[in-house]
K.L.:
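Once you've had a glance at the structure underneath, I'll fire off some questions.
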Number of protein chains: 2
Amino acid sequence: MDLLETRELRYFVTVAEELHFGRAAERLGMAQPPLSRAIQQLERRLGVPLLERNRRGVTLTRAGEVLLHEGRATLDAATAAARRTRRAASPGNRLVLAVKSGADHELLRKLLDAHAAEPDAAEVEVLLCGIGEQERLLRDGRADAALVHLPFDCLVARHATLVG
Amino acid sequence: MDLLETRELRYFVTVAEELHFGRAAERLGMAQPPLSRAIQQLERRLGVPLLERNRRGVTLTRAGEVLLHEGRATLDAATAAARRTRRAASPGNRLVLAVKSGADHELLRKLLDAHAAEPDAAEVEVLLCGIGEQERLLRDGRADAALVHLPFDCLVARHATLVG
DNA sequence: GGATGTTACGGTCTCCGTAACTATG
DNA sequence: CATAGTTACGGAGACCGTAACATCC
């Protein structure tokens, strides 16, 4: 299966967000023509129309909506890959735990203590964040784990066990 | 920040799996020199050594291990993006539910009935698979949802609600 | 006629393969 | 001296920007 390049996904996601080739090209720091060609090539390679070029701008097809979602996820994964790889090489090398600001500090304390008691426990850095922010932090690699409530819609990745 | 191209990740993952530039190049259908250069460039761009070139082959650094894992995830995401986008455009457009072979048929029946009763319910295609296979199917887009037991280590993505 | 997206064309830069080089056991 | 990885070098292809074109209000 032909793989999508991250450059192409970045282009498509920008166009899909702006719904306007001109503004998208500006955001990307490039001219419209190569952007237009890249999208056409993407549609040809997938064999699927992604945009409807109407009078007055652009609309996403159903397939385009799906690629917008999946493309964002892929770009986040690439960003996370770079970030976590760099972090793995840095001496600090702490596990980043995303905790929303209003969380139960009692529970957090217990968790961290229990984790610290385990053998070979990694050092944990607590990253306080807004309420809806945890998923994003996990997706793009700024965090490695998060404290969430079940049911959680879309657990993205978990990189280490905090408690057994 | 998002500097990693899919091509580079494919190269690195192959080398990391083979731990041998020659065999990796062969698997990739290319010559060793451009592969060697691509990896060097990747290390330069990340500012992190990924491989230790020892006498007698190659070893992964800690950062290399992380990039192997994250790179696979990114490549899977790209594959899933292409697959789901193509599927979204096909007329059938069914939701694929991965169910491991030994699963409870009674429960499955109830779930499917409950789902079918919802308004605007998508048609569901049940994909029977082996026991450890569900995560992989979700990751690379061959399935959109899966029936799993909690605790589930690494929920990757959920694309539609089957039951409320 | 102005705004928006698409071809046309030419230059540049990247990527690849062959061949020569280095290092190690 | 055989094996594995890296430079050196030249060519083919990809990508981009400018300019000209098509279409729709």
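All chains are named by letter (A, B, ...) in the order of the sequence lines, taking the proteins before the strands, and each is independently numbered beginning at 1. We use all heavy atoms of the structure for the numbers below, so side chains are in, but hydrogens, waters and symmetry mates are not.
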K.L.:
At less than 4.0 Å, is any side-chain N or O atom of B/Ser36 found next to OP1 or OP2 of D/dG5? Yes or no.
P.N.:
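For B/Ser36, the contact criterion (side-chain N or O under 4.0 Å from OP1 or OP2 of D/dG5) is not met.
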
K.L.:
Could you check whether A/Arg136 pairs with A/Glu133 (Lys NZ or Arg NE/NH1/NH2 to Asp/Glu carboxylate O, under 4.0 Å)?
P.N.:
no

K.L.:
For A/Leu67 and B/Ala81, which heavy atoms make the closest approach, and how far apart are they?
P.N.:
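Looking at all heavy atoms of both residues, the closest pair is CD1-CB, 4.0 Å.
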
K.L.:
What is the distance, rounded to the nearest whole Å, between atom CD1 of A/Ile39 and atom P of C/dT6?
P.N.:
9 Å

K.L.:
Check this for me, if you would: do B/Arg7 and A/Glu5 make a salt bridge, where the nitrogen-to-carboxylate-oxygen distance has to be below 4.0 angstrom?
P.N.:
no

K.L.:
Counting only side-chain heavy atoms from C-beta out, which of C/dT6, D/dG17, D/dG5 sits nearest to A/Pro34?
P.N.:
D/dG17

K.L.:
CG of A/Leu35 versus C1' of D/dT18: gap in Å, rounded?
P.N.:
16 Å

K.L.:
Using whole Å, what does the distance between atom C1' of nucleotide C/dT24 and atom CZ of B/Arg53 come to?
P.N.:
16 Å

K.L.:
Using a distance-only test with no angle check, is there a side-chain donor-acceptor pair under 3.5 angstrom linking A/Asp140 and A/Thr79?
P.N.:
no

K.L.:
Show your reasoning for whether side chain to side chain contact (heavy atoms under 4.5 Å, CB included) applies to B/His69 and A/Arg84.
P.N.:
CA-CA 10 Å; B/His69 184 262; A/Arg84 294 200 174 110; over 6 Å; no

K.L.:
In residues 4-32 of chain B, what residues come within less than 4.0 Å of DNA chain D, judged by heavy atoms?
P.N.:
B/His20, B/Phe21, B/Gly22

K.L.:
If you find the nucleotide of DNA chain D closest to B/Val58 and the one closest to A/Ala38, which residue's nucleotide is nearer the 5' end?
P.N.:
B/Val58

K.L.:
Calculate the interatomic distance between B/Asn54 atom CG and D/dT6 atom P; express it in whole Å.
P.N.:
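For the pair B/Asn54 CG and D/dT6 P, the rounded distance is 12 Å.
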
K.L.:
For the pair made of CG in A/Leu51 and P in C/dG5, what is the distance, rounded to whole Å?
P.N.:
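Atom CG in A/Leu51 sits about 10 Å away from atom P in C/dG5.
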
K.L.:
Where the side chain of A/Arg37 is defined as all heavy atoms beyond and including C-beta, which of D/dT6, C/dT7, D/dG17 is the nearest nucleotide?
P.N.:
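It is D/dG17.
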
K.L.:
Measuring from the side chain of A/Gln40 (C-beta onward, heavy atoms only), which nucleotide among C/dT7, C/dC15, C/dA19 has the closest atom?
P.N.:
C/dT7

K.L.:
Charged N to carboxylate O under 4.0 angstrom, A/Glu135 versus A/Arg139?
P.N.:
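Yes, this pair counts.
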
